[in-house]
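Note that the structure is predicted; figures quoted are calculated from it, not measured. Below, chains carry the letters A, B, ... as their sequence lines are ordered, and counting in each starts from 1.
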Amino acid sequence: MTGESAPPARRGLRARRGRPPWILLLPALVGIAFLALPLAGLLLRAPWTTMGARLTEPEVLSALWLSLSTATAATALSLLLGVPLAWLLARTGFPGRRLLRALVTVPLVIPPVVGGVALLLSLGRNGLIGRHLDAWFGLTLPFTTAAVVIAQVFVAMPFLVVSVEGALRGADRRYEEAAATLGADRTTVFARITLPAVLPGIGAGAALCWARALGEFGATITFAGNFPGTTQTMPLAVYMALQRDPEAAVVLSLILLLVSLAVLVGLRGRWA
Amino acid sequence: MNTRQPTGGPVLDARLRLTRGDFSLDVGLEVAPGEVLALLGPNGAGKSSALRALAGLLPLGGGHVRIDGRDRTTTPVEHRPVGMVFQDYLLFRHMSALDNVAFGPRCQGVPKAAARRRAAELLETMELGACARLRPDRLSGGQAQRVALARALAVRPRLLLLDEPMAALDAGTRVDVRVRLGRLLEGFAGAGVLVTHDPLDAMVLADRLAVVESGRVVQQGTPAEVARRPRTAYVARLVGLNLFRGSAEGTTVTVGGPKGAQPVLVRVHEPCTGEVLVAFPPRAVALYSERPHGSPRNMWRLTVEGVERFGDQVRVRLSGPAPLAADISPAALADLGLARGTAVWAGVKAAEVECYPV
Amino acid sequence: MPEPRPRPPRRTALLAAALLALTACSAGQDPRAEGTLTVLAAASLTDVFTALAGEFETRNPGTEVELAFAGSSALAAQINSGAPADVFASADTDTMALVADGAGLEPAWAAEHGAAGAVFATNTLRIAVPPGNPAEVADLASLADASVATALCAPEVPCGAATAAATDAAGVEITPVTLEEDVRAVLTKVALGEVDAGLVYATDIAAAGGAVEGIGFPGSAAAGNDYPVAVLAGTDTPDLAADWVDLLLSETGSGVLTDAGFGTP
């Protein structure tokens with residue numbers, strides 16, 4: 001309403017922000033170099049000409065497909081379980097909540113291989129719960145594609161929970177109070193008010209979770225094993241290739257990298 | 001005013017007690033149907049806490065909340081017959097104005113179409129029909145306030161709570177928005193409780209004021225009563241009066257004055273006795289360089305503490321045995337040649353001084 | 001770069017100098033003190049070499065044995081890029097050949113014991129089953145049964161190559177549920193009972209204590225590994241290094257090796 005129709009200031013007249021201070025710029029540049037150098041190493045060593053041929057190999061295609069589908073399934077499962085868990089951590093007070101938060105971050109800290117062993121001990125054929133699954137339903141998880149998803153959920157879900165919890169803590173709770181005064185119960189408040197407010201945080205968490213699931217190696221190979229077509233995801237294929245043919249491993253890594261980058265960049269554009 | 005409760009009792013009857021650290025709140029509130037009560041007080045006095053406690057957003061340590069005679073002390077927020085307008089309105093950013101207003105009825109189980117119809121009607125009565133499809137970030141401050149009011153009214157509350165409804169508005173739009181809000185509140189049949197720190201808002205929008213200081217109600221009454229007979233220094237400052245406390249005998253009130261100083265005598269028109277408050281407006285104070293002769297009124301020797309513009313007048317703050325404010329014209333200021341530290345005579349007619357028991 | 005870089009060059013130089021100084025400090029120290037023998041060995045030799053190091057230090061007062069264990073190929077890569085070491089013991093002859101062709105062996109020692117190192121132990125494959133052998137595995141042919149869940153080493157890793165040799169020799173075709181990245185992973189899955197059987201080295205079964213049971217099969221020796229040891233060209237204590245190899249080849253050495261499940265040549 002107030003007509004701010006002043007002509008846009010000319011570039012030359014705009015106050016200068018100056019260049020970024022060295023104390024920030026220098027570590028940032030070192031950080032960039034630190035991240036970019038290994039990637040450059042990969043790119044320079046890559047036998048680019050063989051990439052096309054690799055992509056048509058059925059084992060590579062099946063590993064890539066398995067990776068993409070299991071990582072997506074793991075992200076979906078993490079969303080289903082992790083968002084309510086983050087809500088519980090951020091919005092309720094109960095004894096032992098600090099302990100629970102520490103528990104959530106355990107998979108971030110322990111080596112994934114140990115995570116895999118832990119999964120075997122709980123969900124394996126002779127595991128705490130696994131033995132009953134076997135006895136009652138004839139269901140054994142290890143060495144199945146489901147086990148790949150479970151291993152990925154175990155390792156990647158904390159990323160989602162931590163970022164969604166952060167988003168929930170950052171969200172203005174007064175909107176939730178406003179909704180409550182309008183008669184909304186806690187479920188409605190969560191679904192109609194809280195969830196839309198933290199959607200960007202959930203998106204970021206899901207992307208992190210997906211990326212982590214895609215790169216998962218240790219827990220997967222320990223809990224799900226390694227068999228082409230059912231449990232050999234790209235990282236496992238890369239590791240195996242590294243034993244025999246390092247060049248092939250480089251190519252496989254790059255394929256994984258490019259595909260995941262394409263997916264993440266594509267999604268990012270959609271969120272904005 | 002329009003509808004009377006069958007019981008004839010107040011819509012709201014509440015005693016709110018709660019403690020938070022050093023702060024304790026203990027206020028009793030009663031609001032009749034169609035009445036708007038303003039809680040007026042400085043920041044941190046506990047007005048907002050009281051409002052949140054009424055809504056159920058803050059648990060009470062003691063006391064009760066009764067609405068239409070039913071005890072709602074432990075009723076969860078979402079089940080209280082309460083509508084609330086928040087300070088920053090807190091309109092849901094991801095919903096249109098219409099969906100914001102329809103949100104409450106939907107939560108109460110009204111079918112979608114009916115809820116939207118009710119919302120559209122409410123927006124229409126608030127002259128917001130054209131804004132119904134807009135997101136909150138496209139609304140002006142005044143429009144957002146009315147959408148927030150419509151949203152609170154859409155749940156057909158018996159108790160309407162307004163938390164600093166004018167605070168988020170710029171000074172230019174306030175006058176207009178205040179008048180509109182006042183009109184809309186007049187049509188509300190339930191009880192209204194308004195929290196504000198602005199006496200003007202309180203006077204225009206409320207039928208009755210309760211002044212809250214440090215968690216207690218220090219004064220209650222109609223806006224006219226409070227404006228004429230303030231009971232605390234805070235209220236006196238709010239309504240712009242000079243206030244003293246003393247003991248009266250006949251038409252003379254002895255005011256303590258600052259420690260160690262001689263008591264100050266204030267002459268009043270109507271005789272009164274016992275502990276009293278005396279109040280007079282700054283415009284009733286006349287200033288002189290020399291003591292004038294033969295005037296039967298209050299006359300004190302005071303020192304100029306500061307001078308500031310006040311509308312088309314100049315407000316002179318004076319210190320001395322009777323610290324007070326005086327409003328004089330700019331011409332008088334020039335004539336007297338007042339500056340900080342100048343000694344002047346201040347006179348007030350006894351007829352201008354209001355005297356009332358503590 | 002199209003734009004001139006805004007960074008003053010002097011600070012960059014300073015930083016580089018500081019970094020150089022830091023690296024120079026750490027490179028200046030020699031990790032080997034007098035009378036110290038550095039032995040790099042395949043991870044599967046951890047227990048054996050740790051036991052022998054105590055014995056060696058008792059026999060040679062004043063000397064100290066420093067042991068480092070890792071995968072053979074990782075160690076070979078370290079040696080070939082100049083890591084200081086006196087003795088290298090590998091889990092296979094191919095890896096030893098890499099070192100012999102790379103950093104090289106101590107010439108005098110090699111002339112006496114062989115240019116590809118001296119084989120001091122052998123390791124053979126066995127079938128590992130969980131305690132009690134729930135799937136009643138009898139021999140290699142049992143593993144071809146689809147109802148027996150089997151874990152094998154992936155063909156890409158050394159134990160996988162040995163597995164392939166063994167199954168080929170026996171004429172058995174096994175479809176495993178998983179191809180593990182190393183022999184320990186196979187052992188873990190057998191020990192946890194996640195699989196009914198796995199092919200691992202005899203030493204792994206010995207090391208697992210009672211966690212798994214071992215079943216031998218005919219022709220397993222054909223799929224064995226030779227463990228060579230050698231004194232490295234980079235040694236500055238060739239005599240001490242040769243003594244270590246002698247201890248390994250002695251009766252004391254073979255006793256410890258046998259206890260750990262190794263065969264001796």
Side-chain angles (χ1 to χ4, degrees), chain A residues 18-23 25-30 33 59 113-114 116-128 130-131 134 140-145 147-148 217-232 235-246 248-249, chain C residues 3-12 14-16 18-19 71-74 77 92 94-95 130-132 134-135 147-161 164 174-196 198 211-212:
Chain A
R19 59 164 77 107
W22 282 104
I23 196 152
L25 197 55
L26 207 62
L29 289 175
V30 173
E59 299 91 63
V113 178
V114 179
V117 173
L119 284 173
L120 280 178
L121 292 174
S122 54
L123 297 174
R125 206 162 67 164
N126 290 320
L128 228 50
R131 85 173 68 126
D134 195 10
T140 51
L141 286 172
F143 316 120
T144 63
T145 306
V148 176
F217 171 76
T220 308
I221 201 165
T222 310
F223 180 54
N226 169 51
F227 200 79
T230 47
T231 60
Q232 190 180 72
L236 273 60
V238 169
Y239 183 82
M240 290 306 160
L242 203 57
Q243 308 296 315
R244 194 164 50 187
D245 180 2
Chain C
E3 283 177 54
R5 291 159 65 101
R7 189 198 301 183
R10 213 169 60 84
R11 294 197 205 172
T12 325
L14 269 176
L15 182 82
L19 284 173
S72 299
S73 31
D92 63 328
D94 289 355
T95 311
S147 68
V148 177
T150 308
L152 298 181
C153 280
E156 289 88 349
V157 296
C159 62
I174 302 170
T175 307
V177 292
T178 177
L179 295 165
E180 294 294 314
E181 82 275 25
D182 61 29
V183 68
R184 294 274 170 186
V186 174
L187 194 72
T188 305
K189 284 180 173 114
V190 176
L192 290 174
E194 295 300 338
V195 291
D196 300 316
V212 300

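Considering every non-hydrogen atom in both C:Thr175 and A:Phe227, the closest pair reads CG2-CZ, 4.4 Å. Here the closest non-hydrogen pair linking C:Glu194 and A:Pro142 is OE1-CG, 3.1 Å. Between A:Gly225 and C:Thr178, the shortest heavy-atom contact is CA-OG1, 3.1 Å. Taking every heavy atom of both residues into account, A:Met240 and C:Ala154 meet most closely at SD-CB, 3.5 Å. Between A:Ile221 and C:Glu180, the shortest heavy-atom contact is O-OE1, 3.8 Å. The two residues C:Ala149 and A:Arg125 make their nearest non-hydrogen contact at CB-NH1, 4.3 Å.
Between C:Leu179 and A:Gln232 there is no side-chain heavy-atom pair separated by less than 4.5 Å.
Using a 4.5 Å cut-off between heavy atoms, C:Pro176 touches chain A through backbone and side chain atoms alike. Interface remark: C:Asp196 contributes backbone and side-chain atoms alike to the contact with chain A (heavy atom separation under 4.5 Å). Interface residue A:Leu121: only side-chain heavy atoms are found under 4.5 Å from chain C.
Atom CZ of residue A:Phe223 and atom NZ of residue C:Lys189 lie 10.0 Å apart, to the nearest 0.5 angstrom.
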Working for side-chain contact (heavy atoms from CB on, under 4.5 Å), residues A:Leu242 and C:Glu181:
CA-CA 11 Å; A:Leu242 203 57; C:Glu181 82 275 25; over 6 Å; no

